[in-house]
Student: 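Got a structure for you, written out below as C-alpha coordinates; questions coming shortly.
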Amino acid sequence: MRKPLVAGNWKMNLSGAQAEQLAQALVARVGQVDRVQIVVCPPFPYLLRVRAVLAGSKIALGAQNCHHEAKGAFTGEVSPTMLVDCGCQWVIVGHSERRGGKVQEKDDLIRKKINAAHAAGLHVILCVGETLFERQNNETPSVIENQLVGCLEGMPADKMASVVLAYEPVWAIGTGHNATPQQAQEVQQFIRNWLDDQFGAGLAAATRVLYGGSVKPDNAGSLLTQPDVDGALVGGASLVADDFVGIINAAPAGK
Ligand code: 13P
(Lines give C-alpha, C1' and ligand atoms only; values in the text may rest on other atoms or scores of the structure.)
Protein backbone atom coordinates (compact mmCIF):
# COMPACT_ATOMS: atom_id res chain seq x y z
CA MET A 1 0.00 0.00 0.00
CA ARG A 2 1.40 3.39 -1.01
CA LYS A 3 0.44 6.01 1.56
CA PRO A 4 -0.19 9.39 -0.06
CA LEU A 5 2.51 11.99 0.52
CA VAL A 6 1.93 15.73 0.28
CA ALA A 7 5.08 17.84 0.51
CA GLY A 8 5.32 21.62 0.64
CA ASN A 9 8.33 23.19 -1.06
CA TRP A 10 8.42 26.67 0.41
CA LYS A 11 11.30 27.66 -1.93
CA MET A 12 12.95 31.02 -1.09
CA ASN A 13 9.89 32.52 0.56
CA LEU A 14 8.66 33.80 3.94
CA SER A 15 10.35 35.47 6.89
CA GLY A 16 11.31 33.40 9.91
CA ALA A 17 8.23 34.62 11.78
CA GLN A 18 5.97 33.80 8.83
CA ALA A 19 7.51 30.34 8.55
CA GLU A 20 6.74 29.70 12.21
CA GLN A 21 3.18 30.96 11.80
CA LEU A 22 2.58 28.74 8.79
CA ALA A 23 3.98 25.72 10.63
CA GLN A 24 1.81 26.53 13.66
CA ALA A 25 -1.31 26.68 11.49
CA LEU A 26 -0.46 23.34 9.90
CA VAL A 27 0.23 21.68 13.26
CA ALA A 28 -3.12 22.93 14.56
CA ARG A 29 -5.07 21.69 11.54
CA VAL A 30 -3.30 18.60 10.19
CA GLY A 31 -0.62 17.90 12.80
CA GLN A 32 -2.10 14.55 13.79
CA VAL A 33 -3.20 13.39 10.33
CA ASP A 34 -2.06 9.84 9.74
CA ARG A 35 -3.86 9.02 6.47
CA VAL A 36 -1.50 11.26 4.49
CA GLN A 37 2.22 11.68 5.08
CA ILE A 38 2.95 15.41 5.28
CA VAL A 39 6.36 17.02 4.75
CA VAL A 40 7.30 20.71 4.78
CA CYS A 41 10.56 22.00 3.28
CA PRO A 42 11.41 25.49 4.57
CA PRO A 43 14.49 27.48 3.57
CA PHE A 44 17.68 26.36 5.39
CA PRO A 45 17.81 29.26 7.90
CA TYR A 46 14.35 28.40 9.23
CA LEU A 47 14.77 24.65 9.65
CA LEU A 48 15.43 24.78 13.39
CA ARG A 49 12.61 27.23 14.06
CA VAL A 50 10.13 25.14 12.09
CA ARG A 51 11.44 21.95 13.69
CA ALA A 52 10.60 23.37 17.12
CA VAL A 53 7.03 24.13 15.99
CA LEU A 54 6.54 20.68 14.41
CA ALA A 55 7.77 18.81 17.52
CA GLY A 56 5.15 16.32 18.68
CA SER A 57 3.22 16.47 15.40
CA LYS A 58 3.24 13.95 12.56
CA ILE A 59 4.43 16.57 10.05
CA ALA A 60 7.98 15.82 8.93
CA LEU A 61 10.70 18.32 8.12
CA GLY A 62 12.58 18.37 4.82
CA ALA A 63 15.17 20.52 3.07
CA GLN A 64 15.13 21.82 -0.49
CA ASN A 65 18.66 20.78 -1.43
CA CYS A 66 21.87 19.31 -0.04
CA HIS A 67 25.51 18.98 -0.99
CA HIS A 68 26.87 15.62 -2.13
CA GLU A 69 29.69 15.45 0.43
CA ALA A 70 29.34 14.95 4.17
CA LYS A 71 31.75 17.78 5.05
CA GLY A 72 34.65 19.81 3.75
CA ALA A 73 35.75 23.03 2.12
CA PHE A 74 32.54 23.85 0.26
CA THR A 75 31.73 27.46 1.10
CA GLY A 76 28.04 28.14 1.46
CA GLU A 77 26.95 24.51 1.12
CA VAL A 78 24.93 22.35 3.54
CA SER A 79 25.60 18.63 3.95
CA PRO A 80 23.00 15.89 4.44
CA THR A 81 24.38 15.13 7.90
CA MET A 82 23.83 18.77 8.88
CA LEU A 83 20.25 18.50 7.68
CA VAL A 84 19.72 15.42 9.85
CA ASP A 85 21.24 17.38 12.72
CA CYS A 86 18.62 20.07 12.13
CA GLY A 87 15.79 17.53 12.33
CA CYS A 88 15.27 16.83 8.63
CA GLN A 89 14.04 13.46 7.49
CA TRP A 90 13.65 14.44 3.85
CA VAL A 91 15.48 16.32 1.13
CA ILE A 92 14.37 17.41 -2.35
CA VAL A 93 16.93 16.81 -5.11
CA GLY A 94 16.86 17.43 -8.84
CA HIS A 95 14.33 20.26 -8.79
CA SER A 96 14.06 21.94 -12.18
CA GLU A 97 14.92 25.26 -10.54
CA ARG A 98 18.33 23.70 -9.83
CA ARG A 99 18.62 21.63 -13.01
CA GLY A 100 18.03 24.76 -15.08
CA GLY A 101 18.78 28.47 -14.76
CA LYS A 102 22.22 29.44 -13.51
CA VAL A 103 22.72 26.35 -11.32
CA GLN A 104 22.73 23.75 -14.12
CA GLU A 105 22.83 20.63 -11.93
CA LYS A 106 23.32 17.48 -13.99
CA ASP A 107 22.08 13.96 -13.38
CA ASP A 108 25.48 12.64 -12.20
CA LEU A 109 25.60 15.29 -9.47
CA ILE A 110 21.99 14.57 -8.48
CA ARG A 111 22.90 10.88 -8.23
CA LYS A 112 25.75 11.77 -5.86
CA LYS A 113 23.33 13.80 -3.76
CA ILE A 114 20.95 10.84 -3.53
CA ASN A 115 23.82 8.62 -2.38
CA ALA A 116 24.96 11.20 0.19
CA ALA A 117 21.42 11.74 1.45
CA HIS A 118 20.92 8.00 1.79
CA ALA A 119 24.22 7.62 3.68
CA ALA A 120 23.04 10.28 6.14
CA GLY A 121 19.67 8.56 6.61
CA LEU A 122 17.53 11.03 4.69
CA HIS A 123 14.58 10.16 2.47
CA VAL A 124 14.79 11.73 -0.97
CA ILE A 125 12.21 13.38 -3.21
CA LEU A 126 13.75 13.20 -6.68
CA CYS A 127 12.20 15.57 -9.22
CA VAL A 128 12.04 14.86 -12.94
CA GLY A 129 10.19 16.70 -15.69
CA GLU A 130 10.28 18.05 -19.21
CA THR A 131 10.20 21.63 -20.52
CA LEU A 132 7.40 22.92 -22.75
CA PHE A 133 9.75 22.81 -25.75
CA GLU A 134 10.54 19.16 -25.04
CA ARG A 135 6.84 18.28 -24.66
CA GLN A 136 5.93 20.07 -27.87
CA ASN A 137 8.67 18.10 -29.64
CA ASN A 138 7.27 14.81 -28.31
CA GLU A 139 10.41 14.27 -26.24
CA THR A 140 8.69 13.82 -22.87
CA PRO A 141 9.30 10.04 -22.56
CA SER A 142 12.95 10.25 -23.63
CA VAL A 143 13.66 13.24 -21.36
CA ILE A 144 12.09 11.51 -18.35
CA GLU A 145 13.85 8.24 -19.11
CA ASN A 146 17.24 9.98 -19.44
CA GLN A 147 16.73 11.68 -16.08
CA LEU A 148 15.70 8.40 -14.45
CA VAL A 149 18.66 6.53 -15.93
CA GLY A 150 21.10 9.31 -15.04
CA CYS A 151 19.93 9.58 -11.44
CA LEU A 152 18.80 6.07 -10.53
CA GLU A 153 19.99 3.31 -12.87
CA GLY A 154 21.77 0.58 -10.93
CA MET A 155 20.82 2.06 -7.54
CA PRO A 156 20.69 -0.73 -4.93
CA ALA A 157 17.20 -1.67 -3.76
CA ASP A 158 17.81 -0.49 -0.18
CA LYS A 159 18.58 3.00 -1.49
CA MET A 160 15.56 2.97 -3.76
CA ALA A 161 13.38 2.21 -0.76
CA SER A 162 14.09 5.72 0.54
CA VAL A 163 13.41 7.46 -2.78
CA VAL A 164 10.12 9.11 -3.77
CA LEU A 165 9.79 10.37 -7.34
CA ALA A 166 8.11 13.65 -8.23
CA TYR A 167 6.98 14.33 -11.78
CA GLU A 168 7.14 18.09 -12.17
CA PRO A 169 6.63 19.28 -15.75
CA VAL A 170 8.67 22.49 -15.92
CA TRP A 171 5.91 24.27 -17.85
CA ALA A 172 3.45 23.64 -15.01
CA ILE A 173 5.59 25.05 -12.18
CA GLY A 174 4.39 28.39 -10.88
CA THR A 175 2.40 29.05 -14.05
CA GLY A 176 -1.13 28.15 -12.96
CA HIS A 177 -1.21 25.68 -15.88
CA ASN A 178 -1.18 22.30 -14.19
CA ALA A 179 -0.83 19.12 -16.21
CA THR A 180 -4.21 17.56 -16.84
CA PRO A 181 -4.88 14.46 -14.74
CA GLN A 182 -4.47 12.40 -17.93
CA GLN A 183 -1.10 13.98 -18.76
CA ALA A 184 0.16 13.40 -15.21
CA GLN A 185 -1.11 9.81 -15.20
CA GLU A 186 0.47 9.05 -18.56
CA VAL A 187 3.96 10.17 -17.49
CA GLN A 188 3.69 8.72 -13.99
CA GLN A 189 2.65 5.34 -15.38
CA PHE A 190 5.69 5.58 -17.66
CA ILE A 191 7.86 6.24 -14.58
CA ARG A 192 6.36 3.24 -12.73
CA ASN A 193 6.90 1.02 -15.77
CA TRP A 194 10.54 2.12 -15.86
CA LEU A 195 10.88 1.28 -12.16
CA ASP A 196 9.36 -2.13 -12.90
CA ASP A 197 11.87 -2.77 -15.72
CA GLN A 198 14.82 -1.66 -13.61
CA PHE A 199 14.01 -2.89 -10.13
CA GLY A 200 11.12 -5.33 -10.44
CA ALA A 201 7.41 -5.28 -9.77
CA GLY A 202 7.66 -5.20 -5.99
CA LEU A 203 9.69 -2.02 -5.85
CA ALA A 204 7.66 -0.39 -8.63
CA ALA A 205 4.45 -1.09 -6.74
CA ALA A 206 5.88 0.25 -3.47
CA THR A 207 7.52 3.45 -4.77
CA ARG A 208 5.51 6.63 -4.53
CA VAL A 209 5.37 8.96 -7.52
CA LEU A 210 4.13 12.48 -6.74
CA TYR A 211 2.87 15.12 -9.13
CA GLY A 212 4.03 18.74 -8.85
CA GLY A 213 3.19 21.87 -10.83
CA SER A 214 0.40 24.34 -9.97
CA VAL A 215 -1.36 21.94 -7.60
CA LYS A 216 -4.20 23.79 -5.86
CA PRO A 217 -7.09 22.63 -3.66
CA ASP A 218 -9.48 22.71 -6.62
CA ASN A 219 -7.39 20.51 -8.94
CA ALA A 220 -5.81 18.26 -6.30
CA GLY A 221 -8.70 15.79 -6.18
CA SER A 222 -8.68 15.01 -9.90
CA LEU A 223 -4.87 14.74 -10.01
CA LEU A 224 -4.37 12.71 -6.84
CA THR A 225 -7.03 10.13 -7.67
CA GLN A 226 -5.15 9.03 -10.80
CA PRO A 227 -3.88 5.46 -10.32
CA ASP A 228 -0.18 6.38 -10.50
CA VAL A 229 -0.31 9.70 -8.65
CA ASP A 230 0.59 9.07 -5.01
CA GLY A 231 0.56 12.62 -3.74
CA ALA A 232 1.78 16.12 -4.53
CA LEU A 233 4.85 18.30 -4.33
CA VAL A 234 3.38 21.74 -3.82
CA GLY A 235 5.04 25.12 -4.28
CA GLY A 236 2.95 28.29 -4.14
CA ALA A 237 -0.12 26.72 -2.53
CA SER A 238 2.01 25.30 0.30
CA LEU A 239 2.63 28.87 1.54
CA VAL A 240 -1.06 29.33 2.39
CA ALA A 241 -2.29 27.10 5.21
CA ASP A 242 -5.86 26.90 3.87
CA ASP A 243 -4.64 25.81 0.43
CA PHE A 244 -2.12 23.27 1.68
CA VAL A 245 -4.69 21.77 4.04
CA GLY A 246 -7.19 21.65 1.18
CA ILE A 247 -4.72 19.66 -0.92
CA ILE A 248 -4.01 17.27 1.96
CA ASN A 249 -7.73 16.75 2.47
CA ALA A 250 -8.19 16.01 -1.24
CA ALA A 251 -5.72 13.11 -1.15
CA PRO A 252 -7.52 9.77 -1.43
CA ALA A 253 -6.62 6.69 0.59
CA GLY A 254 -3.45 4.83 -0.38
CA LYS A 255 -3.29 2.81 -3.59
P1 13P B 1 4.03 25.40 -7.84
O2 13P B 1 3.11 24.54 -7.02
O3 13P B 1 4.15 26.79 -7.32
O4 13P B 1 3.70 25.31 -9.28
O5 13P B 1 5.51 24.77 -7.67
C6 13P B 1 5.68 23.41 -7.84
C7 13P B 1 7.04 23.07 -7.42
O8 13P B 1 8.01 23.46 -8.04
C9 13P B 1 7.20 22.24 -6.21
O10 13P B 1 8.50 21.78 -6.08
Side-chain angles (χ1 to χ4, degrees), residues 4-14 18-19 22 26 36-44 46-47 50 59-66 83 88-105 110 113-114 117 122-132 134-135 143-144 147 151 163-181 183-184 187-188 191 208-224 226 229-251:
L5 194 163
V6 176
N9 176 6
W10 294 359
K11 306 191 181 180
M12 198 174 72
N13 291 299
L14 308 175
Q18 288 170 330
L22 177 55
L26 296 177
V36 178
Q37 191 168 17
I38 304 168
V39 181
V40 292
C41 303
F44 288 141
Y46 308 150
L47 285 173
V50 173
I59 304 173
L61 189 66
Q64 300 171 19
N65 181 36
C66 67
L83 295 179
C88 289
Q89 294 171 274
W90 291 85
V91 65
I92 298 169
V93 299
H95 196 283
S96 61
E97 287 155 12
R98 301 195 60 85
R99 289 179 183 268
K102 288 226 161 36
V103 188
Q104 290 293 318
E105 284 188 3
I110 298 166
K113 292 186 180 201
I114 296 170
L122 288 168
H123 297 276
V124 167
I125 299 175
L126 167 64
C127 304
V128 296
E130 82 287 0
T131 63
L132 185 59
E134 290 161 343
R135 174 164 282 266
V143 168
I144 301 294
Q147 292 173 343
C151 297
V163 174
V164 169
L165 275 296
Y167 170 52
E168 294 210 311
V170 179
W171 47 272
I173 295 175
T175 59
H177 301 297
N178 59 285
T180 65
Q183 286 172 323
V187 177
Q188 301 197 198
I191 292 172
R208 287 172 294 184
V209 185
L210 315 181
Y211 167 77
S214 296
V215 179
K216 310 283 177 213
D218 61 356
N219 61 25
S222 57
L223 286 160
L224 271 56
Q226 294 299 310
V229 180
D230 303 312
L233 179 56
V234 187
S238 73
L239 298 172
V240 180
D242 277 349
D243 290 352
F244 196 55
V245 169
I247 293 167
I248 291 163
N249 289 339

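Just so you know, ligand 1 is whichever comes first in the structure, and atom 1 is the first atom listed for that ligand. Residue numbers count from 1 along this sequence.
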Student: Which is it for Asn9 and ligand 1 at heavy atoms under 4.0 Å: side chain, backbone, both or neither?
Tutor: side chain

Student: Could you find the nearest protein heavy atom to atom 7 (C) of ligand 1 and give me its residue, atom name and distance?
Tutor: Glu168 OE2, 3.2 Å

Student: Which is closest to atom 1 (P) of ligand 1 by heavy-atom distance: Cys127, Gly174, Ala237, Ser238?
Tutor: Gly174

Student: Quick test: of every protein heavy atom, which one is nearest to atom 2 (O) of ligand 1, and how far off is it to 0.1 Å?
Tutor: Gly235 N, 2.9 Å

Student: Nearest to atom 5 (O) of ligand 1, what protein heavy atom do you find, and at what distance?
Tutor: Lys11 NZ, 3.3 Å

Student: Is His95 in polar range of ligand 1, meaning some N or O pair under 3.5 Å apart?
Tutor: yes

Student: Could you say whether the N/O atoms of Ser214 and ligand 1 ever approach to under 3.5 Å?
Tutor: yes

Student: Determine yes or no for a side-chain-to-main-chain donor-acceptor pair under 3.5 angstrom, with Asp230 supplying the side chain and Val209 the backbone.
Tutor: yes

Student: Tell me whether ligand 1 is touched by Ala172 - counting only heavy atoms on the residue side and a distance under 4.0 Å.
Tutor: yes

Student: Can you find a heavy atom in the side chain of Glu130 that is under 4.5 Å from one in the side chain of Tyr167?
Tutor: yes

Student: Is there a donor-acceptor contact under 3.5 Å from the side chain of Gln147 to the main chain of Gly129?
Tutor: yes

Student: Within a strict 4.5 Å, meaning less than it, do heavy atoms of the Val39 and His123 side chains meet?
Tutor: no

Student: What atoms of ligand 1 come closer than 4.0 angstrom to any heavy atom of Leu233?
Tutor: 9 (C), 10 (O)

Student: In this structure, which one of Leu5, Val229, Ile125 forms a side chain to side chain contact (heavy atoms under 4.5 Å, CB included) with Arg208?
Tutor: Leu5

Student: Heavy atoms only: which of Gly129, Gly236, Gly212 lies closest to atom 3 (O) of ligand 1?
Tutor: Gly236

Student: Between His95 and Glu168, do the side chains contain an N or O donor and an N or O acceptor separated by less than 3.5 Å?
Tutor: yes

Student: Distance check, rounded to the nearest 0.5 Å: Gln188 atom CD versus Gln226 atom CD?
Tutor: 9.0 Å

